[in-house]
Amino acid sequence: MLDTDVSINERVLRGVFQNCSDVIFRSIMAGKIKMLFVYVDGLIDTKMLDQVVLKPLLFEGMPNGMERVRSVSQIVKDQLIAIAETKVVHKISEVVEGVLKSKLAILIEGEGAALVADLKGFEKRSVEEPAAEIAVRGPRDGFTETLRVNTALVRRRIRSPKLKMESSTVGSLSQTDIVIAYVEGIVQDSVLNEVRERVQRIQIDSVLESGYIEEFIEDHPYSPFPTVQNTERPDVVCASILEGKVAIFVDNTPFVLIVPLTFWTGFQAVEDYYERFGYSTFIRFIRLVLFNMSLFFPSLFVAATTFHPQLIPTNLLISIAAAREGVPFPAVVEALLMEFMFEGLREAGIRLPKPIGSAVSIVGALVIGEAAVQAGIISAPIVIVVSTTGIASFAIPRYNFGIAYRMLRFPMLFMAGMMGLYGVAFVALMIFIHLVNLRSFGIPYLTPVAPQIPGNLKDIFWRSPRWTMTHRPALISGKSNKRLPEGQKPSPKRGRNSK
């Protein structure tokens with residue numbers, strides 16, 4: 001508990017913050033009353049501290065004409081300090097917690113309490129377009145590293161009291177703020193309770209990114225497929241929670257988690273819902289073809305050229321055989337070598353600084369595409385196959401889905417080199433069985449295809465017009481799954497002249 005003597009409280013706090021050079025202790029005299037300010041340098045707005053707190057206290061003093069002074073901290077809170085969010089605390093631990101959360105603590109002589117005022121003023125990034133989810137048409141704002149900026153971006157879009165945001169703290173050392181957001185009446189109670197329970201049972205010393213939370217709450221940690229979605233876009237979060245999903249905001253990261261996640265979300269780009277449904281359906285079809293190509297194309301090439309040449313037209317087979325003449329490796333080794341080098345170049349291009357990364361990518365592509373072929377180490381057809389596969393994998397809208405396919409390509413290639421098409425079919429069957437058994441917070445991963453829900457197929461393989469999608473996903477949303485009334489198909493107004 002706080003003592004009425006400020007000197008004793010200061011001695012205790014200095015002991016708590018020993019060797020913390022960034023924690024500032026400043027004593028002032030407001031009239032005849034001694035006050036102690038405690039804050040972390042760099043985390044509060046010093047201009048507001050000077051103008052809103054220090055100036056009134058030092059130059060105006062305590063208000064005149066007070067009938068009866070009941071509580072100095074209450075007077076300071078109500079009449080002297082023009083700060084929206086203030087709180088009176090009575091424990092040393094509460095003062096320490098407030099100071100570490102970028103707040104100003106004011107301890108007053110003769111008071112067994114302290115005033116904690118919100119004066120956050122640390123440097124923060126402005127709202128910018130998200131780099132990982134670019135859209136030609138759509139909002140340009142993206143999440144930042146500041147939690148309340150992110151929640152405000154969502155609140156701007158859903159101006160309803162039914163949008164709930166529950167706060168909690170995770171991390172014994174980092175004390176990271178987390179917000180669970182959902183729309184009351186639309187979210188499924190079982191999913192929401194499961195999210196709350198999984199977040200509450202996390203015991204960790206620090207949370208530096210939402211990936212920390214994701215690893216603790218996902219359903220199948222050993223699966224290559226993600227069961228938790230992440231996004232930098234506020235419009236994606238709003239669309240998801242309006243379907244009945246739950247969003248998890250984590251302070252200090254622009255990536256927001258969304259659960260539950262289904263397999264088909266991996267093929268849905270945000271722009272699908274901003275363009276006309278015909279074009280969106282066409283692009284989604286191309287995306288599905290490219291997805292299958294990114295997973296199967298190298299394996300089918302290896303299987304066909306090694307075990308089943310009769311499946312290849314004769315002229316094409318002669319061309320491939322001529323190109324491979326003199327290459328010392330079998331097709332599967334060539335493919336694995338090229339895939340390995342491709343992943344290495346991609347990783348180097350991402351990790352290195354931009355000017356160097358692009359140079360390394362160009363040099364690497366020249367080495368692999370030209371020099372290695374001319375040296376007879378690899379053949380030209382395998383370069384075409386691997387580069388086509390790489391381009392196809394870039395068409396997958398969700399980055400974490402693309403990682404899953406990149407990982408699965410290697411065992412599939414290996415089995416194609418060992419058993420031909422039987423190996424490819426075996427791995428594909430294993431993947432399919434695994435997907436059928438996956439769950440994300442109790443929701444089947446392949447819903448609404450397996451289990452099949454015919455009414456929800458309007459946004460899976462194709463994108464139906466918005467006026468036909470009258471209901472939210474059945475297994476994800478709660479009781480209120482009606483999205484919009486029927487009979488809103490647009491049509492020109494028919495008058496006397498149009499007959």
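Along the sequence shown, residues are numbered consecutively beginning with 1.
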(request) Just do the side-chain contact (heavy atoms from CB on, under 4.5 Å) check on D251 and I178 with the steps written out, would you? (result) CA-CA 6 Å; D251 199 13; I178 290 179; over 6 Å; no

Determine, for [X] against [Y], whether the closest basic-nitrogen to carboxylate-oxygen distance falls under 4.0 angstrom.
X	Y	result
K101	D177	yes
E243	R483	yes
K34	D5	no
E133	R398	yes
E275	R463	no
D189	R196	no
D272	R284	yes
K47	D45	no

Count the heavy atoms belonging to other residues, nucleotides or ligands that lie under 6.0 Å from [atom1] of [X], then report whether that count exceeds 12.
X	atom1	answer
R201	CZ	yes
F25	CZ	yes
F394	CZ	yes
Y274	OH	yes
E128	CD	yes

State whether the side chain of [X] and the backbone N or O of [Y] hold a donor-acceptor pair below 3.5 Å, judged by distance alone.
X	Y	value
T262	L446	no
T468	P465	yes
R198	N193	no
R26	I24	no
D219	F441	yes
S464	K458	yes
E94	H90	yes
N9	L107	no
Q18	R14	no
R140	A135	yes

Distance, nearest 0.5 Å, that separates [atom1] of [X] from [atom2] of [Y]:
X	Y	atom1	atom2	result
L13	I92	CG	CD1	4.5 Å
I396	R406	CD1	CZ	9.5 Å
K164	Y182	NZ	OH	7.0 Å
M1	K91	CE	NZ	7.0 Å
F277	W467	CZ	CH2	6.0 Å
L36	S27	CG	OG	4.5 Å

(request) If a pair satisfies side-chain hydrogen bond (donor to acceptor under 3.5 Å, both in side chains) and one of its residues is in residues 436-451, list it, with sequence neighbours excluded. (result) none

(request) Let me see the working for I241 and V154 under side-chain contact (heavy atoms from CB on, under 4.5 Å), right down to the final yes or no. (result) CA-CA 10 Å; I241 61 178; V154 174; 4.2 Å; yes

Check [X] against [Y] and note the closest heavy-atom contact, atom names and distance.
X	Y	answer
V228	N400	O-ND2, 3.7 Å
L163	I158	CD2-O, 3.7 Å
G142	V127	O-CG1, 3.5 Å

(request) Please state whether the rings of Y405 and F225 are parallel, tilted or perpendicular, taking 30° and 60° as the class boundaries. (result) perpendicular

(request) Anything under 30° is parallel, anything over 60° is perpendicular, the rest tilted; go ahead and classify F401 against F267. (result) tilted

(request) For a side chain to side chain contact (heavy atoms under 4.5 Å, CB included) with S240, tell me which candidate from V237, V236, L242 qualifies. (result) V236

(request) Check I443, V187, V195, T265 against K245 for a side chain to side chain contact (heavy atoms under 4.5 Å, CB included) and give me the one that passes. (result) T265

(message) Set out, in order, the CA-CA distance, both residues' side-chain angles and the distance that settles side-chain contact (heavy atoms from CB on, under 4.5 Å) for I258 and T231, then state yes or no.
(response) CA-CA 8 Å; I258 300 171; T231 181; 3.7 Å; yes

(request) Go through the side-chain N and O atoms of D459 and Y273 and say whether any donor and acceptor fall under 3.5 Å apart. (result) yes

